[in-house]
**Student:** 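This is the structure I have questions about; it appears just below.
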Amino acid sequence: MAAQPSQANIDAMAKAVYEQCLQAPSDYLFSVSELQDLVPGKNNLELTQKVLNELLRTRSLSALTRGSQTVFRSVPKDFAEKVKNMTPDEELLYGYIQESAREGIWTKQLKIKSNMHSTAVNKALKGLERKKFIKSIKSVNHPARNIYMLYELTPSIEVTGGPWFTDSELDKEFVNELLTAITKFMVSKSFPKLPARGVIGSFPPGYTGYPTLNQVYLWVKSSNLTEVDLAEADIRSLLDVLVYDGKIERVVGGMAYRAVRRPDSINGFTESPCGRCPVFTLCKEGGPVSASNCVYFEDWLNA
Amino acid sequence: MSQNAAELCVLLVRDIYGEVSSRVVSVLLELGRLSVTQLVRQLKLPEKIVKQTLAVLIQQHLVVHFAHLETGQEVVYYECEWTQVYELLRAGRIIRAVEERFGSNGALIVSNLLQLGHARVSDFLAAYGTSTKKSKATVNGKPNAPTIEDDSSITSVEILKSVMADMMKERFLVQVQEHHMHIQTDTRNTLRAQLTSQLRKSHLSENKLGKEVDRQMKIKVKELADGDTSQHAGMKRKATPTSKPRSKKRQKVSIYDLIEQEEEEWEINENIVLRINHEKFLVLFRNAELVSLAESRHGKVSSQVYAELLKRLEEKYLRCHEPYPGGDEEDDTKKGIKLSVLELSKTFSKDIDLENSIVTAPRLPKKKTRKRGYSDDEDEDKPCPNGYGKRVNGKGKRRQSSSEDDDDDDISDTEELYDDDEEGIDAENRKKKIRMELLKQHMQLLAEDSWKFVRLESNRGLGEWSINYKELGKLMRHIELEKVVEETFGEMGLRLLRIIKDKGKLEEKQIASIALLKQKEIRSILTGLQESGYLHLQEVPKTSIPQISRTYFLWFHDPDRAIQSLVTDTYKAMSRAIQRTNVERAKRASLLEKWERSDVQANVEEYLTTSEKRELEIWLSREEKLLGQLMRLDRTMMILRDF
C-alpha cells in the first residue's frame with residue numbers, strides 16, 4: 001500500500017481524470033468502475049474515492065442514478081466554472097433552465113420540477129439573474145407568464161413570434177412599411193413603361209418575367225429596407241398578405257407574382273348615406289330613426 | 001322576398017301609380033295571392049275601384065292572375081309580381097340603352113311601351129299616326145322616363161315598324177303570351193300535372209316518373225320562357241316586296257337586315273301584342289358591367305375588344321339566369337356559344353386603335369427579352385418579331401394536341417401568320433393580320449387574368465373564346481361585396497374576409513397569424529363583419545359537454561348568405577332614398593305646386609321671388625342627387641341579384 005497521497009496530488013489526479021472524462025461525448029454516463037480505470041494506481045479504491053469526492057466537490061462531475069447504480073456525468077468546463085459560485089438551489093434551477101434551451105421555462109414549472117418552496121425558487125432565480133446567468137423573457141403566446149432562459153441565448157421564434165414581433169408585440173408599422181415597399185416593387189415590375197403617359201399598358205399574354213418569391217426576397221435583402229433578418233418564408237407570408245389584400249396575384253402557375261389594378265371601391269351602397277349609417281338597423285318609417293328625420297341624409301344632401 | 005323589398009315595391013308603385021295601386025300591391029305582397037273578394041275585404045274599398053286598379057296593374061304586368069276551379073266554381077287569384085315592380089326603376093336605364101342602339105325612334109317606342117305595359121302593334125301605330133304630340137304627353141307623365149324630344153324629325157309609321165321589327169329580332173321586345181299574365185307557380189304546377197298524367201300512361205315506376213317529369217318540365221319551361229325564337233317570329237311577308245327604300249338608320253343598326261334583304265321582305269305583324277323584355281336588357285347591362293370591369297383591370301383597349309366580343313355573342317343569350325332552377329346541365333348546352341378571333345375581326349370596328357394604345361411585345365422587344373432572362377424559361381430560341389420564342393410546332397401536332405399545350409399552339413398559330421407575310425401578301429392583308437394578332441393577344445390577356453374574362457374553347461380560327469357568365473357573375477358579386485367591406489371596415493376587413501374565404505373555417509388566432517395583424521385588433525372587425533352578415537361563426541366543442549372555454553370558434557364566409565344580407569340592405573337603402581325624396585318634395589309642396597302651374601312655367605322669372613328660385617334650385621339639385629343615388633344603388637342591385 002502506497003503512502004497517503006497528498007492533497008495536491010489528488011487535485012492533479014482529479015484534473016487528469018476530468019480532462020479524460022471531457023473527451024467522451026458530453027452526455028456519456030460513466031460507471032464507477034470506468035472511472036476507477038481512469039484513476040492512476042489501478043484499482044485503488046480509496047484513492048478513487050478521494051479523487052471522485054474532489055471532482056464532485058468542484059462540480060466537475062455530477063452524480064446520477066441509473067437503476068440502482070450510481071453513474072457520473074462530466075460537467076462542461078465553463079458550466080463547472082459558473083456552478084462553483086452557486087448555491088445548491090441555484091444550481092438545480094440553473095440545470096432546468098439550461099435544459100429548456102431557447103424555449104425558456106415558466107416559473108411554475110420550475111417549482112413543480114424542483115419541488116422547492118416558491119420563496120426559495122424566487123430567491124434562487126433573483127440570485128441567478130443578478131449574476132447574469134439567466135434572464136427573464138416574454139412569450140408571445142403567454143404574455144402573462146414569467147419565463148426564464150439562459151442569459152446568453154436568444155429566444156426561439158415560437159417564443160418571440162418571429163421577425164414581426166418587437167417586444168412580443170406585433171410590429172404593425174414595420175409590417176405595413178414592408179408591405180408598401182413590396183407593393184411598389186411589384187407594381188414597377190408588373191406593368192411595362194409606356195411611351196405615352198396615362199395609358200395603361202400590359203405585358204403580352206404568356207409573359208413569364210414577373211418577379212418570383214426568390215426575386216422579391218433578394219430585392220428586400222439588397223434594398224436595406226430593414227435590419228431584421230428575414231427568411232424567404234417571411235417574405236412569402238408578406239406576399240400572401242398582399243394577395244389577400246387583392247393588390248397582387250399569383251401568376252405562372254403560382255410561381256411568380258404580379259400587381260393587379262384594383263377597381264375603385266366606389267359602390268352604390270357605401271356611397272349612399274345608408275351604407276355608412278351606424279343606426280341602419282334601427283331605421284324604420286315611423287320609428288325613432290327614419291328617412292324624414294335622418295341627419296346623415298341632410299349632411300349628404302348639403303355636401 | 002324580403003320585407004325591405006316589399007317596402008321598396010310599394011313605394012315605387014305609389015310614386016308612379018298612386019295611393020290606391022300601392023295599397024293593392026302592399027296587401028298582395030303582405031298576404032300573397034288573394035281573390036277579388038278577399039282583396040276588397042282587406043282594402044275596405046269599393047269593389048269597382050279595386051277591379052279598376054287591378055286592371056291597370058295587370059296591364060302593366062305588375063299583377064298576374066290565375067283561375068282555379070274551386071267547388072265547381074272558377075275563382076281567380078291575383079298575385080303581385082314584385083320583380084316586375086322593381087323593373088319600374090330601370091325605365092330610364094332601358095330607354096337610354098335603346099336610344100344608344102336604335103336611335104330616338106327606338107327610345108320613343110320603348111318609353112311608350114314602358115308606359116303602356118303592353119300594346120298591340122296596330123294600336124300603337126294608329127295612336128302614333130294620329131299625333132306625335134299625344135304620345136309625348138304620356139311620356140311626360142312618367143317621372144322616371146326622360147322626355148323624348150323629336151319635334152324636328154317627323155317619323156313615318158313605316159320606319160317605326162322597321163325599328164320595332166329590329167328590336168323584336170334582338171328580343172328587346174317580345175310578344176305577350178298567355179303565361180306572361182298568369183301566376184308562374186300555377187302555370188308550372190298545371191304543366192307538371194299535365195306531364196305527370198301523360199307520362200303515367202307509360203307505366204313508369206314512381207321514382208322514374210318523377211325524374212322524367214322533371215326532365216321534361218325543364219324543357220317545357222324553357223320553351224315557354226323562350227317563346228318563338230324562329231327567325232321570322234311575329235313577322236309576316238310584306239305585301240309589296242319591291243317598292244319601299246329602307247332608311248339608312250336601319251341598315252346601320254342591324255347587320256342581319258342586309259342578308260335578309262337579298263331574300264325576302266318581311267315586316268312586323270301588326271296583330272301581335274308587344275311588351276318590353278326586361279331579361280334581355282339585363283344581358284345588355286351585364287355585358288356593360290363586365291366591360292367596365294375589364295377596363296379597370298386591363299385598360300381601355302382590351303375592354304373595347306371585350307365589348308365587341310360580348311356584343312357578338314349577345315344574341316345567343318336570352319337571359320342571365322335559366323328559368324328553371326337546378327339546371328346545372330345548362331352549362332353544357334351553353335358551351336356551344338363561342339366566337340373565334342377570325343370571326344370577331346370581320347366585324348371589328350376599325351376605329352378602335354389596337355396598336356398605339358397598348359404596349360405589346362412588338363413595341364418593346366428589348367425590354368421583353370431582357371426580362372425573360374430572369375425567369376427560368378426553358379426555351380433559348382431567338383425572339384421573333386412578336387416577342388414570342390420561336391417554337392417549331394408542326395401543324396399536325398397542333399391539331400391533336402391536348403389542352404395543356406394551348407399556349408404553345410397559340411404561338412405556332414402566330415408563326416403561320418408571319419410566315420404568310422414573308423411569302424409576300426399585299427400590305428393591306430398584312431395589316432389585317434397584324435390586327436388580328438393583336439386582337440388575339442388582347443383575348444389572351446383577358447383569358448390569362450385570374451378573373452377569367454374569357455375561356456379558350458379551341459384553337460380554330462385563331463382561338464375560339466367563350467364566356468363563363470355563371471362564374472363571372474359570382475365574381476362580380478364577390479367584388480361588389482369586397483367593395484362594401486373595404487369601405488365599411490377598411491383594408492383590414494377586406495384582408496380578413498379574403499383570408500377566410502380562401503381558407504374556409506379558421507380560428508381567430510390563425511387568422512391573425514396569416515393576416516399579420518394583432519388578435520386584439522381583428523376581433524372587433526370580425527364581429528363587425530358578423531353583425532353585417534358577411535361572416536359567420538361556427539362553434540365546435542372539444543368535449544362532449546359543451547363549455548365555452550373548451551370550444552373552438554371558427555369563422556367562415558358563406559357567399560350566398562353574405563350577398564343576401566347585402567341585397568336586403570340595399571333594398572332598404574333604396575327605399576330610404578325614395579322616402580327622402582318624398583320628404584324633400586313634401587317640404588316644398590306649395591312652392592312646387594306654384595312652380596308647376598302652367599302660367600308660372602311660362603313666366604318663371606316674373607312670378608317667382610328670388611328666395612323661391614333659390615329654394616327651387618336646392619330642390620332640383622337634391623332630387624337629382626337622390627335619384628342619381630337610387631340608380632347607383634340599382635346598379636349594385638343588378639350585380640348582386642340579377643347577374
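Just so you know, these numbers use all the heavy atoms, side chains as well, and skip hydrogens, waters and symmetry mates. Just so we're on the same page: letters track the sequence lines, and every chain starts at 1.
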**Student:** Of all the heavy-atom pairs spanning A/G268 and B/Q629, show the shortest one and how long it is.
**Tutor:** O-NE2, 2.9 Å
**Student:** At a 4.5 Å cut-off on heavy atoms, which part of A/C283 comes close to chain B: side chain, backbone, both, or neither?
**Tutor:** both
**Student:** Name the option with the most non-hydrogen atom pairs under 4.5 Å to chain B; the candidates are A/A291, A/S290, A/C274.
**Tutor:** A/A291
**Student:** Need one label for A/L242: side chain, backbone, both or neither, based on atoms under 4.5 Å from any heavy atom in chain B.
**Tutor:** neither
**Student:** Tell me which of these, A/K172, A/E271, A/R250, has more heavy-atom pairs under 4.5 Å with chain B than the rest.
**Tutor:** A/E271
**Student:** Quick one: which of B/L293, B/I479, B/T488, B/L626 has the most heavy-atom pairs under 4.5 Å with chain A, could you say?
**Tutor:** B/L626
**Student:** Out of the candidates B/K501, B/M476, B/H557, only one should pair with B/L481 under the side-chain contact (heavy atoms from CB on, under 4.5 Å) rule; please name it.
**Tutor:** B/H557
**Student:** List the residues meeting side chain to side chain contact (heavy atoms under 4.5 Å, CB included) with A/E99, not counting sequence neighbours, and say none if there are none.
**Tutor:** A/Y96, A/K113
**Student:** Enumerate the residue pairs fulfilling ring-ring contact (aromatic ring centres under 6.0 Å, His included) with a member in residues 238-284 of chain A, sequence neighbours excluded, ordered by first and then second residue.
**Tutor:** none
**Student:** Which atom pair, heavy atoms only, marks the closest approach of A/V243 to B/R498?
**Tutor:** O-NH2, 3.0 Å
**Student:** B/L89 versus B/M637: any side-chain heavy-atom pair under 4.5 Å?
**Tutor:** no
**Student:** As an exercise: rank B/R632, B/R495, B/E486, B/Q579 by heavy-atom pairs under 4.5 Å with chain A and give me the winner.
**Tutor:** B/R495
**Student:** What residue in B/I578, B/L494, B/L516 has the most heavy-atom pairs under 4.5 Å with chain A?
**Tutor:** B/L516
**Student:** Give, as side chain, backbone, both or neither, the part of A/R258 having an atom under 4.5 angstrom from any heavy atom of chain B.
**Tutor:** side chain
**Student:** A/D245 versus chain B, heavy atoms under 4.5 Å apart: side chain, backbone, both or neither?
**Tutor:** both
**Student:** Count the heavy-atom pairs under 4.5 Å between each of B/K625, B/K518, B/R635 and chain A, then report the option with the highest count.
**Tutor:** B/K625
**Student:** What are the two closest non-hydrogen atoms of B/L630 and B/A577, and how far apart are they?
**Tutor:** CD1-CB, 4.1 Å
**Student:** Considering only heavy atoms and a distance below 4.5 Å, find which of B/E521, B/K587, B/E584, B/K509 pairs most often with chain A.
**Tutor:** B/E521
